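Here's the structure, in structure tokens; my notes come after.
All figures in this text were calculated on a predicted structure; none of them were measured in a lab. Letters A, B, ... are given to chains in the order of the sequence lines, protein chains preceding strands, and every chain is numbered from 1.
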2 protein chains.
Amino acid sequence: MSYTIKDVAKKANVSIATVSRILNGQAGYSEKTKLKVLKVIEELGYSPNAVARGLINKRTHTIGVLFPKLSSSLVTDLLDGIEKAANENGSSVIVCHTESNGEKTMNYLQLLIEKRVDGIIFASEILKDEYYQYVMKSKMPIVLLSTESYAFPVPYVKVNDFHAAYAAAKYLIDKGHTDIGMISGNKEDIVAGKPRIDGFQKALADHGIACGERNIVNSKGFGFHDGLEGLRKMKEQFPEVTAIFAASDEIAIGVLSAAYQLGIKVPEELSVIGFDNLNLAEMTIPPLTTIGQPLVKMGEASAQMLFKILESGEIPESRIMPHKVVERLSVKERA
Amino acid sequence: MSYTIKDVAKKANVSIATVSRILNGQAGYSEKTKLKVLKVIEELGYSPNAVARGLINKRTHTIGVLFPKLSSSLVTDLLDGIEKAANENGSSVIVCHTESNGEKTMNYLQLLIEKRVDGIIFASEILKDEYYQYVMKSKMPIVLLSTESYAFPVPYVKVNDFHAAYAAAKYLIDKGHTDIGMISGNKEDIVAGKPRIDGFQKALADHGIACGERNIVNSKGFGFHDGLEGLRKMKEQFPEVTAIFAASDEIAIGVLSAAYQLGIKVPEELSVIGFDNLNLAEMTIPPLTTIGQPLVKMGEASAQMLFKILESGEIPESRIMPHKVVERLSVKERA
DNA sequence: CTGAAAGCGCTAACAT
DNA sequence: ATGTTAGCGCTTTCAG
């Protein structure tokens, strides 16, 4: 059992109130007693109990973050930003790994609410009705990160996926490509899947390029294997394709690997543009041209948004973060 | 302000003690009152306050994890395992990002101690004297993950880096290579750097292969860029090299990229073996042969170790986890 | 400038 | 089977 404020008070011959004041930098004590108390604290190695503080202040200086997946550098970068902003704000972050599982998610939500975290960041996943209702009932602040809700008024931080995908397709078009395919990720995914497909289609349409079934391969997810299989399907249904927009960097890397296996040279015979700008993107062969999301900044912004709610009590505006095309070597001007 | 146990008690016409007993599954109430109380809890949407519980039980069901870096898939996999084991144990995990900075680390340690987490996992970094003393003074349990301490009796979970590096070199030797180089990472790093170099050298020596200065390139860190530059240096100082052991997968990927730029074909002209078996390893061109560490399992083991200490009060044995060579396509039998 | 005392929400004796 | 009460370690009136 460690020392308490009482021990400090006794040893310094003052009341616990005085110790508390000194600890919290409030007024009401002489410089002399302050020094005396500080010395005792030092000697005892006293460490204030944040649990007791939390009970009375109704602030735990802890926030909770829900991720569908931990082992992806997308999530890691977001977490990096969140942790950074939280730390600058004197808060800690509890990470929860939902595996996109509804039951697990509800359990985590319950846990975080019981722990009385100051707020919740819900990342990279659809905010279900059930989740929203439960969190609302507890009155706990929540923000969305890299996702958004069409049904509920929850503030979010994210890029505009439609615009970003449009930019990717336009980049390919500007490089002279007209036979352009997309490996889309999950099109059922209303927040990251569908808008990217729509953006891609719109870009082709706006530039007078017909876009039919053969231009798009719908994969199940956004992973490496989806890209690996995706390119094979694409070459079957659209052999003339000269450029591909992958809905994620991991898909793009899968495309790169598949191209290598099939003996297709990137970028000479096939241009590839990704989406996300993960750390991986610069490590591929060739280095991947991609649509960059400011992931770390987005994480930071979401945490800051949460702290703003905590201060002001008001729900802030959502933030659309800027994307940009990061030019590397996987896209080539069409001959 | 949410409801308290008092509100529940009042509305159900029982004492708070009864509510508490029902909440904690203790004996001492009729089925009838239980149902009544449960109904009130449901109606109110009452959620027990874990902060208050923590204050009295001296258990927060939260553990803290310190990482030098967040955005690396090595760390992510470890975290994944930790989070999993913690969740199975009814605990949450707070992540801290130290950036290998002594001051930041001390601040985080202080924070975690004030928050009265149940224990600490210190990962992938040297446990400095200062850290150790501070944690000991608080009597908080601590375990080391993917690192170890020669100076202090702190239990750890890790692979045997010496043996693992030996295995990597031996694998290359068994494939007929004799002109073998190593890109070593930081040799000042006493726990991950040095032992891998030693293991490499021992393997060459045991097989009658001379190992001099030219066989090893000491890079600053374990990252992609270290590999990128590493291969160039290696080719300068040891042009005949036919196989390379990279002290990390990221270094290996850097080597792959550098080889590509230099027009050196992997594995035809140069074999490469990595270390870690990150998710990335299967995504490279060609897929990377590497020494696999069971990262997720290691994370789990470290958390379980912590919980064991919490239960038994005793310091458990450290665990050396098994490594294995994961054969993919970046190493070729020497012609 | 300093102290006494109430109470945050809960658990755990101790009564009844 | 159920209630009363004393804290857990701290902050914060309210007195002096």
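- For B:Thr18 and D:dT2, the shortest distance from a side-chain N or O to OP1 or OP2 is not below 4.0 Å.
- Side-chain atoms of A:Thr33 and A:Ser30 include a donor-acceptor pair closer than 3.5 Å.
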Which parts of nucleotides 8-16 of chain C does protein reach within less than 4.0 Å, heavy atoms only, written one letter per nucleotide 5' to 3' as B for base, S for sugar-phosphate only and - for none? BBBBB----

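- Backbone-only contact: A:Val14 has heavy atoms under 4.0 Å from sugar-phosphate atoms and none from a base.
- Among the heavy atoms of the strands lying under 4.0 Å from B:Asn13 are primed sugar atoms or P, OP1, OP2 only; no base atom is included.
- Partners of B:Glu300 according to the salt bridge (charged side-chain N to carboxylate O under 4.0 Å, His left out) rule, which considers only residues two or more places apart in sequence or in another chain, are B:Lys84.
- The shortest distance between side-chain heavy atoms of B:Leu79 and B:Phe67 falls below 4.5 Å.
- Under a cut-off of 6.0 angstrom, the local environment of NZ in A:Lys36 is crowded, with over 12 non-hydrogen atoms contributed by other residues, nucleotides or ligands.
- Remark: P of D:dA1 and NZ of B:Lys36 are 14 Å apart, rounded to the nearest angstrom.
- The salt bridge (charged side-chain N to carboxylate O under 4.0 Å, His left out) pairs that include a residue from residues 90-119 of chain A are A:Arg59-A:Asp118, A:Glu99-A:Lys104, where partners are two or more places apart or lie in different chains.
- Protein atom CD1 of A:Ile41 is 13 Å distant from nucleotide atom C1' of D:dC10, rounded to whole Å.
- Aromatic rings from B:Tyr46 and B:Tyr3 are positioned such that their centres are separated by 6.0 Å or more.
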